[in-house]
Chemist: 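I have a structure here, written as structure tokens, and I will follow up with some questions on it.
Just so it is clear, the values below take in all heavy atoms, side chains as well, and ignore hydrogens, waters and symmetry mates. No experiment lies behind these values; they were computed from the predicted model shown.
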Amino acid sequence: MDGFFTHGILPEDYRLPHPRLGLPVILLVRRVLVRAFEILSKEGGSLATLDEDGVTLALRNVIENDLRHKGRVPGFNRHTFDFVSRPAQVENFDCSKRGKSPDLCFRLRNDEEEPRPVLSVHDALFVECKPVDTTHAAGGEYCDKGLCRFVDGDYAWAMEEAMMLGYARASRTIAKHLIPAMQEPKRLETLKTVELPRPTQRVETAAEQGAEALHVSRHRRGFIWLDGKGPATDIWIYHSWHQCD
């Protein structure tokens, strides 16, 4: 299977992991999400009756058709980011799974003449969205069916950063529900947690109504990159939780 991902690019011409996006980019995406939820709450009515796919579709449409197209969030526009998509199916780290579909994908534009040393299909901030409420547990749903996909190398396997987006209802919070679920011994092992979620060093203001402070956790990854790129490095997962009652 070595070389499968490198059709059109030699192994020596790309890096793993890809260059990090950096906290400023993560915080910009976070501001976009906060603004999108504000618009949905004011103009689209209650999100309480929508299922996971319904919220994600509405969110994507606002982000793409309104915020990116019109440049309503400084730094986020058609010149800095590509089309925000619910991406087509992508393959995992060794192509043993070819039907993986992350929920949202934010790609920075690259108009430089010199191509970046990356596999472009896998160079983005990949976002997995999960509801967290009375019927969708922070452990079983958010962690075991969402967060684990980044740790296992299904999504964002070439990156060192990714995002989990929580659709929180029924007063679910990171401190009271996510962190205790992640602290369960079996889950600590399966998620290979190095650092439990903590607020980012540059915590944004409390003026972001309906959203918790952005948190980040760190996880080891146990797989080996192809093309002789060595063991996969740790991944930092940003947790952005928004009230959807």
Chemist: Partners of Lys229 by side-chain contact (heavy atoms from CB on, under 4.5 Å), sequence neighbours excluded?
Modeler: Tyr14, Leu16, Trp225, Asp227
Chemist: Taking only residues two or more places apart in sequence or in another chain, which ones pass side-chain contact (heavy atoms from CB on, under 4.5 Å) with Leu108?
Modeler: Leu21, Val25, Phe81
Chemist: For the backbone of Asn65 and the side chain of Asn61, can you confirm whether one donor and one acceptor N or O come within less than 3.5 Å of each other?
Modeler: no
Chemist: Checking salt bridge (charged side-chain N to carboxylate O under 4.0 Å, His left out) against Asp154, which of Lys145, Lys97, Arg149 comes through?
Modeler: Lys97
Chemist: Do Asp123 and Arg107 sit within salt-bridge range, that is, some charged N less than 4.0 Å from a carboxylate O?
Modeler: no
Chemist: Between Trp236 and Val118, is there a shared hydrophobic cluster once you connect ILVMFWY residues whose side-chain heavy atoms come closer than 4.5 Å?
Modeler: no
Chemist: Taking all non-hydrogen atoms of both residues, which atom of His239 and which atom of Pro197 are closest, and how far apart?
Modeler: NE2-CG, 4.0 Å
Chemist: For the OG atom of Ser41 and the CD atom of Gln243, what is their distance to the nearest 0.5 Å?
Modeler: 10.0 Å
Chemist: Examine the side chains of Thr80 and Arg109 and answer whether a donor and an acceptor come within less than 3.5 Å of each other.
Modeler: no
Chemist: Hey, are the side chains of Val132 and Tyr167 touching, using non-hydrogen atoms and a 4.5 Å cut-off?
Modeler: no
Chemist: Tell me the closest heavy-atom pair linking Arg221 and Asp234, and the distance in Å.
Modeler: NH2-O, 3.7 Å
Chemist: Run the salt-bridge test on Glu161 and Arg20 with the 4.0 Å N-O cut-off and return the result as yes or no.
Modeler: yes
Chemist: Before giving the answer on side chain to side chain contact (heavy atoms under 4.5 Å, CB included), spell out for Met164 and Tyr238 the whole-Å C-alpha distance, their side-chain angles and the decisive distance to 0.1 Å.
Modeler: CA-CA 6 Å; Met164 287 293 302; Tyr238 290 87; over 6 Å; no
Chemist: What's the separation between atom NZ in Lys186 and atom OG1 in Thr190, rounded to the nearest 0.5 Å?
Modeler: 7.5 Å
Chemist: Taking the six-membered ring for Trp, are Phe223 and Phe93 ring centroids under 6.0 Å apart?
Modeler: yes
Chemist: Rounded to the nearest 0.5 Å, what separation is found between the CG atom of Leu104 and the OG1 atom of Thr56?
Modeler: 6.0 Å
Chemist: Let's go through Phe76 and Ile63 carefully: what are the C-alpha distance in whole Å and the side-chain angles of both, what is the deciding distance for side chain to side chain contact (heavy atoms under 4.5 Å, CB included) to 0.1 Å, and is it a yes or a no?
Modeler: CA-CA 10 Å; Phe76 183 77; Ile63 291 171; 3.8 Å; yes
Chemist: Report yes or no: do Val29 and Leu67 belong to one cluster of Ile/Leu/Val/Met/Phe/Trp/Tyr joined by side chain heavy-atom distances under 4.5 Å?
Modeler: yes
Chemist: I'd like to know if Asp133 pairs up with Arg169 as an ion pair, taking the criterion as any Lys NZ or Arg NE/NH1/NH2 lying under 4.0 Å from an Asp or Glu carboxylate oxygen.
Modeler: yes
Chemist: Ignoring hydrogens and geometry, is there a side-chain-to-backbone donor-acceptor pair from Thr193 to Leu196 under 3.5 Å?
Modeler: no
Chemist: For the pair Arg187 and Asp144, find out whether any cationic side-chain nitrogen is under 4.0 Å from an anionic carboxylate oxygen.
Modeler: yes
Chemist: Would Tyr142 and His177 count as having a side-chain donor-acceptor pair, cut-off 3.5 Å?
Modeler: no
Chemist: Under a 3.5 Å threshold, yes or no: a donor from one side chain and an acceptor from the other, between Glu160 and Thr233?
Modeler: yes
Chemist: Kindly give the heavy-atom pair with the smallest separation between Leu165 and Ser240, and that separation in Å.
Modeler: CD1-O, 3.2 Å
Chemist: Measure the CG-CH2 distance between Leu214 and Trp241 for me, rounded to the nearest 0.5 Å.
Modeler: 13.0 Å
Chemist: Taking NZ, NE, NH1 and NH2 as the nitrogens, is one of them in Glu189 or Lys192 under 4.0 Å from a carboxylate oxygen of the other?
Modeler: no
Chemist: Under 4.5 Å between side-chain heavy atoms, hopping through other hydrophobics if needed: is there a path connecting Leu188 to Ile235?
Modeler: yes
Chemist: How long is the span from the CG atom in Leu125 to the CE atom in Met163, to the nearest 0.5 Å?
Modeler: 5.5 Å
Chemist: Do Lys130 and Asp103 come close enough that some side-chain heavy atom pair is under 4.5 Å?
Modeler: no
Chemist: Please examine the side chains of Asp152 and Asn92, heavy atoms only from C-beta on, and report whether any two atoms are closer than 4.5 Å.
Modeler: no
Chemist: Ring centres of Phe126 and Trp157 under 6.0 Å apart?
Modeler: no
Chemist: For a quick check under 3.5 Å, do His122 and Glu91 share a side-chain donor-acceptor pair by atom type?
Modeler: yes
Chemist: Measure across Asp245 and Ala170 and return the closest heavy-atom pair with its distance rounded to 0.1 Å.
Modeler: OD1-N, 3.1 Å
Chemist: Would Phe37 and Val55 count as a side chain to side chain contact (heavy atoms under 4.5 Å, CB included) here? Give the steps.
Modeler: CA-CA 10 Å; Phe37 274 107; Val55 177; 4.3 Å; yes
Chemist: What pair of heavy atoms forms the shortest contact from Asn77 to Gly71, and how long is it?
Modeler: CB-CA, 4.1 Å
Chemist: Between Arg60 and Glu64, is there a salt bridge with N-O shorter than 4.0 Å?
Modeler: no
Chemist: Report the C-alpha separation of Ile237 and His219 in whole Å, then their side-chain angles, then the decisive distance to 0.1 Å, and conclude whether the side chain to side chain contact (heavy atoms under 4.5 Å, CB included) test is met.
Modeler: CA-CA 8 Å; Ile237 305 295; His219 307 263; 3.7 Å; yes
Chemist: Among side-chain atoms of Ser217 and His215, is any donor-acceptor pair under 3.5 angstrom?
Modeler: no
Chemist: So do the side chains of Pro117 and Asp13 get within less than 4.5 Å of each other, counting heavy atoms only?
Modeler: no
Chemist: When rounded to the nearest 0.5 angstrom, what distance separates CZ in Arg78 from NZ in Lys70?
Modeler: 11.0 Å
Chemist: Of all the heavy-atom pairs spanning Pro102 and Val90, show the shortest one and how long it is.
Modeler: CD-CG2, 3.9 Å
Chemist: Quick one: do Glu38 and Arg35 make a salt bridge, cutoff under 4.0 Å?
Modeler: yes
